J.: 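For reference, the structure I am asking about is given below.
Quantities reported herein were computed from a predicted structural model and do not represent experimental measurements. Numbers here simply count residues along the sequence, with the first being 1.
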Amino acid sequence: MKKIIASGKTMNDAVQKGLAQWQVSEDRVRITVLEHPTKGLFGLIGAKEAKVELELIPDAAEETEKFFQDVARTMGLSVTIERRQARDGWVYELSGGEDLGMLIGRRGQTLDALQYLANIVANRYSDSHQRIVLDAENFRERRRKTLEELAERLAGRVIRTRKEVVLEPMSPAERKVIHAKLQNHSKVRTFSKGDEPYRRVVISVKS
């Protein structure tokens, strides 16, 4: 926790001086009064200024961004982070050079792991639940389109061969994309089987 001590003629003066040093609003700090102001003899001799301690309250969004920066720095990567607020949390978009693939990993597995850890970090510093979504170079949208195309292609195979198709193990989010794409299909149905992390989507002909 960052702390500073500030003084002023009045309590408010002391607080405002401290806030000015950090350039934050009062809701971002905890204030502890160390000394009340006194006027002293004849209003001058022995007078004491107010003294307060300001403790910066960590911001969940900023701490999460710092987490991403630390991870990238540890991996020797230079990334640009854009943050935008979502309905129930924050979305972080990472961009950088070709090496950014290291942060994405095979089929986004590293990205998912970082997102999981980021949710832990964010909720450690928040009084209300925060949902963190992490993306890099628009990977999640590109992956969604790839999965939807795969779903359509495999649905066509199932219709032609009349044999069900079992996909490779996927994360819950990726399985959801397959199910959503084919949920209104007139000729095939989908369901999941197996246990995490090896749970798979099955596409079969509707009976």
Side-chain angles (χ1 to χ4, degrees), residues 60-61 64-65 67-69 71-72 74-77 79-124 126 128-207:
T64 304
E65 185 169 323
F67 165 73
F68 292 139
Q69 291 171 339
V71 170
T74 300
M75 298 176 70
L77 303 177
V79 300
T80 299
I81 303 174
E82 293 186 8
R83 180 180 75 207
R84 69 175 187 272
Q85 190 161 15
R87 183 175 58 85
D88 55 353
W90 298 89
V91 176
Y92 293 82
E93 298 276 354
L94 307 185
S95 58
E98 296 179 358
D99 290 340
L100 201 62
M102 294 172 61
L103 282 176
I104 297 174
R106 183 170 179 266
R107 295 201 307 270
Q109 291 177 339
T110 304
L111 200 66
D112 287 341
L114 288 174
Q115 179 174 282
Y116 173 78
L117 293 174
N119 274 275
I120 294 175
V121 171
N123 286 287
R124 181 185 301 162
S126 177
S128 59
H129 179 71
Q130 300 287 311
R131 178 173 178 266
I132 303 299
V133 175
L134 174 64
D135 200 0
E137 299 288 7
N138 203 32
F139 169 80
R140 296 199 183 282
E141 178 64 17
R142 290 187 284 110
R143 179 63 175 165
R144 182 185 65 80
K145 289 181 178 179
T146 297
L147 290 173
E148 288 181 343
E149 291 171 359
L150 175 66
E152 289 183 334
R153 187 167 66 253
L154 293 180
R157 181 195 300 177
V158 169
I159 293 170
R160 288 195 309 273
T161 64
R162 312 297 295 178
K163 294 181 180 179
E164 69 177 29
V165 170
V166 182
L167 280 70
E168 62 185 5
M170 293 181 180
S171 67
E174 292 191 331
R175 295 198 304 271
K176 185 177 179 180
V177 172
I178 301 291
H179 291 311
K181 184 62 179 178
L182 299 178
Q183 65 180 351
N184 297 319
H185 200 288
S186 61
K187 296 183 179 180
V188 302
R189 67 186 184 98
T190 64
F191 59 93
S192 295
K193 70 175 184 180
D195 299 320
E196 300 290 2
Y198 305 108
R199 196 162 173 78
R200 303 165 181 259
V201 173
V202 179
I203 303 174
S204 64
V205 177
K206 281 185 176 178
S207 54

J.: With heavy-atom distances below 4.5 Å as the criterion, would you say the side chains of V71 and L103 are in contact?
T.: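 In short, these two side chains touch, coming nearer than 4.5 Å.
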
J.: Against L94, only a single residue in I81, L114, L77 fulfils side-chain contact (heavy atoms from CB on, under 4.5 Å); can you say which?
T.: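 Of the listed options, the one satisfying the test is I81.
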
J.: Can you tell whether the side chains of E168 and R107 come within less than 4.0 Å, N to carboxylate O?
T.: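 Salt bridge: yes.
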
J.: Is there side-chain contact between T110 and I104, with heavy atoms separated by less than 4.5 Å?
T.: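 Sidechains of I104 and T110: no contact.
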
J.: Do H185 and T190 meet the criterion of a side-chain donor-acceptor pair at a distance under 3.5 Å?
T.: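 No, because no side-chain N or O of H185 sits under 3.5 Å from a partner of the opposite role on T190.
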
J.: Mind checking whether V79 and L100 have side chains closer than 4.5 Å, heavy atoms only?
T.: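 In contact.
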
J.: Is there a side-chain contact between L147 and K181 (heavy atoms, below 4.5 Å)?
T.: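 Sidechains of K181 and L147: no contact.
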
J.: How far does CH2 of W90 sit from CG of L134, to the nearest 0.5 angstrom?
T.: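 Rounded to the nearest 0.5 Å, the CH2-CG separation comes out at 15.0 Å.
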
J.: At their closest point, which heavy atom of V91 faces which heavy atom of A86, and how far apart are they?
T.: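 Shortest heavy-atom separation between V91 and A86 comes out as CG2-CB, 4.1 Å.
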
J.: To the closest 0.5 Å, what do you measure between CZ (F139) and CD (E141)?
T.: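 Spacing of CZ (F139) from CD (E141) equals 11.5 Å.
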
J.: To the closest 0.5 Å, what do you measure between CG (L167) and CZ (R199)?
T.: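 Interatomic distance, L167 CG to R199 CZ, rounded to 0.5 Å: 13.5 Å.
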
J.: If you take all heavy atoms of S204 and V158, which pair is closest and at what distance?
T.: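 Shortest heavy-atom contact: C-CG1, 3.8 Å.
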
J.: Do Q130 and R124 have side-chain N/O donor and acceptor atoms under 3.5 Å apart?
T.: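 No pair is found: no donor N or O on one side chain lies under 3.5 Å from an acceptor on the other.
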
J.: Can you tell if the side chain of R131 reaches within under 4.5 Å of the side chain of R87, non-hydrogen atoms only?
T.: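 A side-chain contact under 4.5 Å is absent here.
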
J.: For H179 and S192, work out which heavy atoms get closest and say how close.
T.: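 Shortest heavy-atom contact: NE2-OG, 2.9 Å.
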
J.: Assess the residue pair R142 and E137 against the criterion (salt bridge (Lys or Arg N to Asp or Glu O under 4.0 Å)); give the C-alpha distance rounded to whole Å, side-chain angles, the decisive distance to 0.1 Å, and a yes or no.
T.: CA-CA 9 Å; R142 290 187 284 110; E137 299 288 7; over 6 Å; no

J.: In Å, rounded to the nearest 0.5 Å, how long is the span from CD1 of I203 to NZ of K187?
T.: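 The CD1 atom of I203 sits 15.0 Å away from the NZ atom of K187.
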
J.: With a 4.5 Å limit on heavy-atom distance, are the side chains of D135 and Y92 in contact?
T.: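 No, their side chains stay 4.5 Å or more apart.
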
J.: Counting only heavy atoms from other residues, nucleotides and ligands, does the tally under 6.0 Å from NZ of K206 exceed 12?
T.: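 Result for NZ/K206: enclosed.
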
J.: Please examine the side chains of R200 and M170, heavy atoms only from C-beta on, and report whether any two atoms are closer than 4.5 Å.
T.: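 No, every pair of side-chain atoms sits at 4.5 Å or beyond.
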
J.: List for me each residue that meets side-chain hydrogen bond (donor to acceptor under 3.5 Å, both in side chains) alongside S171, sequence neighbours excluded, and say none if there are none.
T.: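 If we apply the side-chain hydrogen bond (donor to acceptor under 3.5 Å, both in side chains) test to S171, skipping adjacent residues, there are no hits.
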
J.: If you draw a 6.0 Å radius around OH in Y116, do more than 12 non-hydrogen atoms from other residues or ligands fall strictly inside?
T.: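 Open.
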
J.: In Å, rounded to the nearest 0.5 Å, how long is the span from CD1 of I132 to CG of N123?
T.: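 The CG atom of N123 is 7.0 Å from CD1 of I132, to the nearest 0.5 Å.
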
J.: Evaluate the criterion side chain to side chain contact (heavy atoms under 4.5 Å, CB included) for residue pair E93 and T80; output intermediate values, then yes/no.
T.: CA-CA 8 Å; E93 298 276 354; T80 299; over 6 Å; no

J.: Are Q115 and R140 close enough that some pair of their side-chain heavy atoms sits under 4.5 Å apart?
T.: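 They are in side-chain contact.
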
J.: Any carboxylate oxygen within less than 4.0 angstrom of a Lys/Arg side-chain nitrogen, looking at E148 and R144?
T.: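 Yes, this pair counts.
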
J.: Using salt bridge (Lys or Arg N to Asp or Glu O under 4.0 Å) as the criterion, list what pairs up with E82, not counting sequence neighbours.
T.: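 E82 satisfies salt bridge (Lys or Arg N to Asp or Glu O under 4.0 Å) with no residue once adjacent residues are dropped.
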
J.: Identify the heavy atoms of A151 and I178 that sit nearest to each other, and give their distance.
T.: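 Heavy atoms only, the tightest pair is CB-CD1, 3.9 Å.
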
J.: Any Lys/Arg nitrogen of R175 or E196 sitting under 4.0 Å from an Asp/Glu carboxylate oxygen of the other?
T.: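 Yes, R175 and E196 are salt-bridged.
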
J.: Can you tell me if D195 has over 12 outside heavy atoms packed within less than 6.0 Å of its CG?
T.: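 Result for CG/D195: open.
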
J.: Counting only heavy atoms not in R157, do more than 12 fall under 6.0 Å of its CZ?
T.: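 No, the 6.0 Å shell around CZ holds no more than 12 heavy atoms from other groups.
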
J.: Using atom types as modelled and distance alone, determine if a side-chain donor or acceptor of T64 lies under 3.5 Å from a backbone N or O of A60.
T.: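 Yes, because the side chain of T64 sits within donor-acceptor range (under 3.5 Å) of the backbone of A60.
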
